[in-house]
Trainee: 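Dropping a structure here in C-alpha cells format, bear with me for questions.
As the structure is a prediction and not an experimental result, all values here were calculated from the model. Excluded from the calculations below are hydrogen atoms, water molecules and symmetry mates; all remaining heavy atoms, backbone and side chain alike, are included.
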Amino acid sequence: MEKIWLSSYPPGVPAEIDTRQYRSLVALMEESFRQYADRTAYCFMGRSISYAETDATSRKLAAYLQSLGLAKGDRVAIMMPNVPQYPAAVAAILRAGCVVVNVNPLYTPRELEHQLKDSGAKAIVIVENFAHVLQQCIASTPVKHVVLCAFGDRLGFLKGAIVNYVLRSVKKLVPAYDLPGAVRFNDALARGAGATFTPPEIGPDDVALLQYTGGTTGVAKGAVLLHRNVIANVLQSEVWNAPCMKKVPKDEQPTSVCALPLYHIFAFTVNMMLSMRTGGKTLLIPNPRDIAATLKELSKHRFHSFPAVNTLFNGLMAHPDFGTVDWSHLKVSVGGGMAVQGAVAQRWLEKTGCPICEGYGLSETSPSVSCNPTTSRSYTGTIGVPLPSTEIKLIDDTGREVPPGEPGEIAIRGPQVMAGYWQRPDETAKAMTEDGFFKSGDIGVMDARGFFKIVDRKKDMILVSGFNVYPNEIEDVVAGLAGVAECAAVGVPDDKTGEAVKLVIVKRDAALTEQQVLDHCRQHLTGYKRPRVVEFRTDLPKTPVGKILRRELRDAKA
C-alpha cells in the first residue's frame with residue numbers, strides 16, 4: 001500500500017513510532033511520577049494535585065485492591081465524572097495488574113447491570129452521586145467490593161467538607177442509597193497504607209481496559225485494549241501535536257483542558273494519558289454542560305491544548321462569558337467524537353486564533369486513527385490523514401480495495417487497533433479482515449493528497465455529541481412498552497448535538513401518548529440515547545422480507 005498521505009505530514013513528524021518505549025502503561029506512569037514529582041498533575045475546584053500525590057494515592061489504592069484478593073486480570077469498574085479520584089483509580093487498578101472498565105456515570109440501572117455482568121467486574125469505584133443506580137442492580141452483578149467517592153475527598157478537610165455538604169444537603173445532588181459494605185475512598189487509602197503492595201509483572205500484551213461500545217447488534221461490547229494499544233496512541237498523539245506544542249515556552253508547563261469525560265476513550269488517551277507522558281497539567285472540568293462554570297474555571301488558567309467535540313466548541317462561543325477567558329496561549333484544538341462543522345471551526349479560529357484540527361477515531365482504536373495536521377490554518381472538511389504507523393484502506397463489501405476516488409468502508413491497521421471484543425470471537429471475526437484491518441463501518445473517500453473524508457455510515461449508528469447510539473438498543477427498550485406494536489429509531493440532524501434520536505412508532509394501543517414514551521425512555525436510557533422526536537405512524541417502510549428501512553425514515557420529513 002502506498003502511503004501517499006506521508007507527503008502531507010508537517011516537517012518533523014515521523015512516519016513511524018516506536019511502541020517499545022514502555023512495557024506497559026504502568027511503566028509510562030511511573031516514569032512520569034518520578035520525573036515530574038513536583039509538578040501539578042491535576043487542577044480541580046481550586047486545588048492543585050501533584051504527580052507525587054497522584055503516585056502516593058494510587059499506590060495506596062492499589063495495595064487496598066490487592067488486599068481484597070483482586071488478582072492480575074480481574075476487572076475493576078470506574079463510574080465517575082472528571083474528579084481527581086478518577087486518574088488515581090486508573091493508576092491504582094493498572095498498577096495492581098487489573099483491568100479498567102470505564103462506565104458512563106449517567107447510565108441507568110439496566111445499562112449498568114449489563115456492563116458489570118458482561119465485563120465480570122469484581123469491584124467498582126463510584127462517585128456517591130450515582131450510588132443509588134448501583135444499588136438497584138448490584139445484586140445481579142459479580143461486583144463484591146464498592147469504593148465510594150465524594151467530590152470533596154481530595155480537597156482537604158475543611159473545603160472538602162463544605163463541598164460535600166453543599167452537594168448533599170443544599171443542591172440535593174446525592175440521592176439516598178443503601179450499599180452495605182461499601183468503603184469510602186479515603187478509608188480505602190488508609191487501609192491501603194497499612195497493606196503491602198506487590199507489583200505484578202505487566203507486559204505489553206496484557207489487557208489494560210475494556211472500553212464499551214455498541215455495534216450493529218445494539219448490544220454493548222467491550223473493546224479489549226492492551227497496554228501496547230494505548231501506549232501506541234499516546235505516542236502517536238504526542239508526535240502529531242509536537243509541531244505546535246513545542247511552541248509552548250520552555251518555562252511553562254504544558255496544560256490541557258479536560259472537559260470531555262474521562263470514561264470516554266478520547267479523553268482517557270488524549271487528555272489523561274498524553275498529559276501523563278508529557279508531564280503536563282490537566283484542568284479537570286467535572287460538568288462541561290455548565291458552560292458558565294466551565295468558562296469561569298478556564299478564566300483562571302493559561303492553557304495550551306483543548307480536545308473537544310463540536311457541540312462544546314459551539315456552546316462555549318455562544319456564551320456571553322467566552323471573552324473572559326484568555327485564549328491567546330492555545331496551541332492545539334483537536335475536534336473529535338463527531339463531525340466538526342465548518343461554521344464552528346471558522347468562528348473558533350476567528351475568536352481564539354487557534355484552528356480546530358478535526359480527527360477521527362473509535363473505541364476500538366484507542367481511539368485516534370487520523371487527524372488534520374496541527375499546523376493547518378484552515379478548515380478542510382476532512383478527518384485528515386492517518387497518524388504515524390497507521391494505515392487506512394477503503395474496501396468494498398467483498399473486502400477488496402476500491403479504486404482511488406471511489407467510496408469504500410474505512411479499514412484501519414495499526415498498533416492502536418484493539419485485540420478484539422471481550423468474549424465475543426464471532427463479533428471480532430466480523431470486524432477484522434484477514435490481513436489485520438479493523439472494519440470501521442464508516443464509508444470514506446480519499447483525495448489525491450491522502451486526506452480522508454467520511455461520506456456515509458454503513459451502520460445505522462446515530463452519533464449524538466460524539467457518543468454512539470445504536471437503534472436496536474432503543475428499539476428493544478421501547479418495544480417493551482405496552483401499547484407499542486412496532487418502532488424504529490433513526491438519527492436526524494440537530495444543530496446542537498450533530499444528530500438526535502428520532503423514534504417512529506406504530507401503536508398497538510391508540511391511547512399511547514408521546515409523554516408515556518418519553519417517560520419510559522427516561523427510566524431505561526441515559527440522556528443522550530433518549531429520543532428528541534417521537535412520531536406516530538400507521539406502518540413502517542420495510543423490505544420484502546420485512547426488515548425495517550431505517551434509511552427511508554431518515555430521509556423522510558418529520
Trainee: Give me each pair satisfying salt bridge (Lys or Arg N to Asp or Glu O under 4.0 Å) with a member in residues 56-82, each pair once, sequence neighbours excluded.
Mentor: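 Sorted pair list: K72-D206, D74-K122.
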
Trainee: Going by an N to O cut-off under 4.0 Å, is there a salt bridge joining K3 and E16?
Mentor: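 Yes, K3 and E16 are salt-bridged.
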
Trainee: Measuring from atom OH of Y51 to atom CE of M29, what distance do you get when rounded to the nearest 0.5 angstrom?
Mentor: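 So the OH of Y51 and the CE of M29 are separated by 12.0 Å.
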
Trainee: Can you spot which of K281, E252, Q253 makes a side chain to side chain donor-acceptor pair (under 3.5 Å) with H304?
Mentor: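 So the option named by the test is E252.
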
Trainee: I would like to know whether M432 and V417 meet side-chain contact (heavy atoms from CB on, under 4.5 Å); could you show each step before the answer?
Mentor: CA-CA 10 Å; M432 303 299 295; V417 174; 4.2 Å; yes

Trainee: I want to check something: taking the side chain as every heavy atom from C-beta on, are L394 and F452 in contact at a cut-off of under 4.5 Å?
Mentor: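 A side-chain contact under 4.5 Å exists here.
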
Trainee: Under the 3.5 angstrom rule, does the side chain of N229 hit a backbone N or O of P415 as a donor-acceptor pair?
Mentor: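 Yes; at least one donor-acceptor contact below 3.5 Å.
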
Trainee: V147 versus Y64: any side-chain heavy-atom pair under 4.5 Å?
Mentor: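 V147 vs Y64: side chains touch.
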
Trainee: If you take all heavy atoms of V125 and C149, which pair is closest and at what distance?
Mentor: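 So the two residues come closest at CG1-SG, 3.6 Å.
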
Trainee: Taking S50 for the side chain and S48 for the main chain, is one N or O donor matched with an acceptor at less than 3.5 Å?
Mentor: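 Not at all, since once roles are kept as given, no pair shorter than 3.5 Å links the two residues.
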
Trainee: Would you give the length of the straight line joining atom CD1 of I93 to atom CG of L65, rounded to the nearest 0.5 angstrom?
Mentor: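 Result: 6.5 Å between the selected atoms.
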
Trainee: For D435, does the CG atom have more than 12 heavy-atom neighbours from other residues, nucleotides or ligands under 6.0 Å away?
Mentor: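 More than 12 within 6.0 Å, yes.
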
Trainee: If you compare all heavy atoms of I392 against all heavy atoms of S370, which two are closest, and at what distance to 0.1 Å?
Mentor: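 Closest approach of I392 to S370, heavy atoms only: CD1-CB, 4.4 Å.
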
Trainee: Here's a test for you: under side chain to side chain donor-acceptor pair (under 3.5 Å), which of N241, T19, T390 qualifies with Q236?
Mentor: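 Exactly one pass, corresponding to T390.
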
Trainee: Quick one: pull up CG in N129 and CE in M79 and give me the separation to the nearest 0.5 Å.
Mentor: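 CE of M79 is found 10.5 Å from CG of N129.
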
Trainee: Going from OG on S376 to CD1 on I356, what distance comes out if it is rounded to the nearest 0.5 angstrom?
Mentor: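 One gets 12.5 Å once the value is rounded to the nearest 0.5 Å.
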
Trainee: Between S363 and Q211, is there a donor-acceptor pair closer than 3.5 Å when you use the side chain of the first and the backbone of the second?
Mentor: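 No; judged by distance alone, with no hydrogens or angles, the pair does not exist.
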
Trainee: Does the ring center of F467 lie less than 6.0 Å from the ring center of H264?
Mentor: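 That pair passes the under 6.0 Å test.
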
Trainee: Looking only at non-hydrogen atoms, find the nearest pair between V183 and R191 and report the distance.
Mentor: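 For V183 and R191, the tightest heavy-atom pair comes out as CG2-NH1, 3.7 Å.
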
Trainee: Within the distance-only criterion (no hydrogens, no angle test), does the side chain of N372 pair as donor or acceptor with the backbone N or O of T382 below 3.5 angstrom?
Mentor: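 Between the backbone of T382 and the side chain of N372 there is a qualifying donor-acceptor contact (under 3.5 Å).
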
Trainee: Does T374 use its side chain to pair, donor to acceptor, with the backbone of V332 at less than 3.5 Å?
Mentor: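 Not at all, since once roles are kept as given, no pair shorter than 3.5 Å links the two residues.
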
Trainee: Verify side-chain contact (heavy atoms from CB on, under 4.5 Å) between K117 and T141, making sure each step is shown before the conclusion.
Mentor: CA-CA 5 Å; K117 285 166 74 170; T141 74; 4.3 Å; yes

Trainee: Using the rule side chain to side chain contact (heavy atoms under 4.5 Å, CB included), only one of T255, L283, I49 pairs with C43; which is it?
Mentor: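 Among T255, L283, I49, the one that satisfies the side chain to side chain contact (heavy atoms under 4.5 Å, CB included) with C43 is L283.
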
Trainee: Is R154 close to L189 at the side-chain level, that is, under 4.5 Å between some pair of heavy atoms?
Mentor: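 In short, these two side chains touch, coming nearer than 4.5 Å.
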
Trainee: Side-chain contact, heavy-atom cut-off 4.5 Å: S333 with C354?
Mentor: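 S333 vs C354: side chains touch.
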
Trainee: Which pair of non-hydrogen atoms, one from A308 and one from F266, has the smallest distance, and what is that distance?
Mentor: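 Here A308 and F266 meet closest at O-CE2, 3.9 Å.
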
Trainee: L362 versus T213: any side-chain heavy-atom pair under 4.5 Å?
Mentor: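 A side-chain contact is absent here, since even the closest heavy-atom pair is not under 4.5 Å.
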
Trainee: Would you find a donor on one side and an acceptor on the other, under 3.5 Å apart, between the side chain of S58 and the backbone of D55?
Mentor: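 Side chain of S58 to backbone of D55: a pair is present.
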
Trainee: At their closest point, which heavy atom of I202 faces which heavy atom of G97, and how far apart are they?
Mentor: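 Nearest pair, atom of I202 first, then G97: CD1-CA, 4.0 Å.
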
Trainee: Using the test side-chain hydrogen bond (donor to acceptor under 3.5 Å, both in side chains), find all partners of T282 that sit at least two apart in sequence or belong to another chain.
Mentor: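 side-chain hydrogen bond (donor to acceptor under 3.5 Å, both in side chains) list for T282, sorted by chain: S275.
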
Trainee: Does the N271 side chain pair with the main chain of V257, one donor and one acceptor, at a distance under 3.5 Å?
Mentor: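 Judged by distance alone, yes, a pair lies under 3.5 Å.
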
Trainee: Which pairs with one or both residues in residues 231-254 pass ring-ring contact (aromatic ring centres under 6.0 Å, His included), sequence neighbours excluded?
Mentor: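 Of all non-adjacent pairs touching residues 231-254, those that pass ring-ring contact (aromatic ring centres under 6.0 Å, His included) are Y9-W240.
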
Trainee: Check this for me, if you would: do K430 and E427 make a salt bridge, where the nitrogen-to-carboxylate-oxygen distance has to be below 4.0 angstrom?
Mentor: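 Salt bridge flag = yes for E427 with K430.
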
Trainee: When you look at Y22 and V234, which way does the side-chain contact (heavy atoms from CB on, under 4.5 Å) test go after all the steps?
Mentor: CA-CA 11 Å; Y22 301 100; V234 168; over 6 Å; no

Trainee: Give the C-alpha distance, both sets of side-chain angles, the deciding distance and a yes or no for side-chain contact (heavy atoms from CB on, under 4.5 Å) between I395 and K439.
Mentor: CA-CA 9 Å; I395 57 176; K439 294 187 283 188; 3.9 Å; yes

Trainee: Do any N or O atoms from the side chain of Y86 and from the backbone of P261 form a donor-acceptor pair under 3.5 angstrom?
Mentor: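 Side chain of Y86 to backbone of P261, a donor-acceptor pair under 3.5 Å: no, none is there.
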
Trainee: With sequence neighbours excluded, what pairs up with R47 under the salt bridge (Lys or Arg N to Asp or Glu O under 4.0 Å) test?
Mentor: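 Partners of R47 by the salt bridge (Lys or Arg N to Asp or Glu O under 4.0 Å) criterion, ordered by chain and then number, come out as E53.
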
Trainee: How would you list all residue pairs meeting salt bridge (Lys or Arg N to Asp or Glu O under 4.0 Å) that involve residues 228-245, not counting sequence neighbours?
Mentor: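 Checked against salt bridge (Lys or Arg N to Asp or Glu O under 4.0 Å) - neighbours excluded - the pairs reaching residues 228-245 are D205-R228, E238-R277.
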
Trainee: Taking the side chain as every heavy atom from C-beta outward, state whether P14 and V239 have any atom pair closer than 4.5 Å.
Mentor: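 The answer is yes; the side chains approach within 4.5 Å.
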
Trainee: Do L262 and F268 come within less than 4.5 Å of each other through their side chains, counting heavy atoms only?
Mentor: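 They are not in contact (no side-chain heavy atoms under 4.5 Å apart), so the answer is no.
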
Trainee: Answer whether the closest heavy-atom distance between the side chains of E128 and R184 falls below 4.5 Å.
Mentor: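 In short, these two side chains touch, coming nearer than 4.5 Å.
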
Trainee: I'd like to know whether CG of D38 has more than 12 heavy-atom contacts from other residues, nucleotides or ligands below 6.0 angstrom.
Mentor: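 Atom CG in D38 is not packed in, count stays at 12 or less.
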
Trainee: Closest heavy-atom contact between Y528 and V469?
Mentor: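 For Y528 and V469, the tightest heavy-atom pair comes out as CD1-CG2, 3.6 Å.
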
Trainee: For the backbone of S368 and the side chain of Q416, can you confirm whether one donor and one acceptor N or O come within less than 3.5 Å of each other?
Mentor: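 Such a contact is found between Q416 side chain and S368 backbone.
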
Trainee: Is the backbone N or O of T108 less than 3.5 Å from a side-chain atom of E111, with the two atoms forming a donor-acceptor pair by type?
Mentor: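 Flag set: sc E111 to bb T108 pair under 3.5 Å.
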
Trainee: Please list all pairs passing the ring-ring contact (aromatic ring centres under 6.0 Å, His included) test where one or both residues lie in residues 183-202, with sequence neighbours left out.
Mentor: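 Qualifying pairs: none.
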
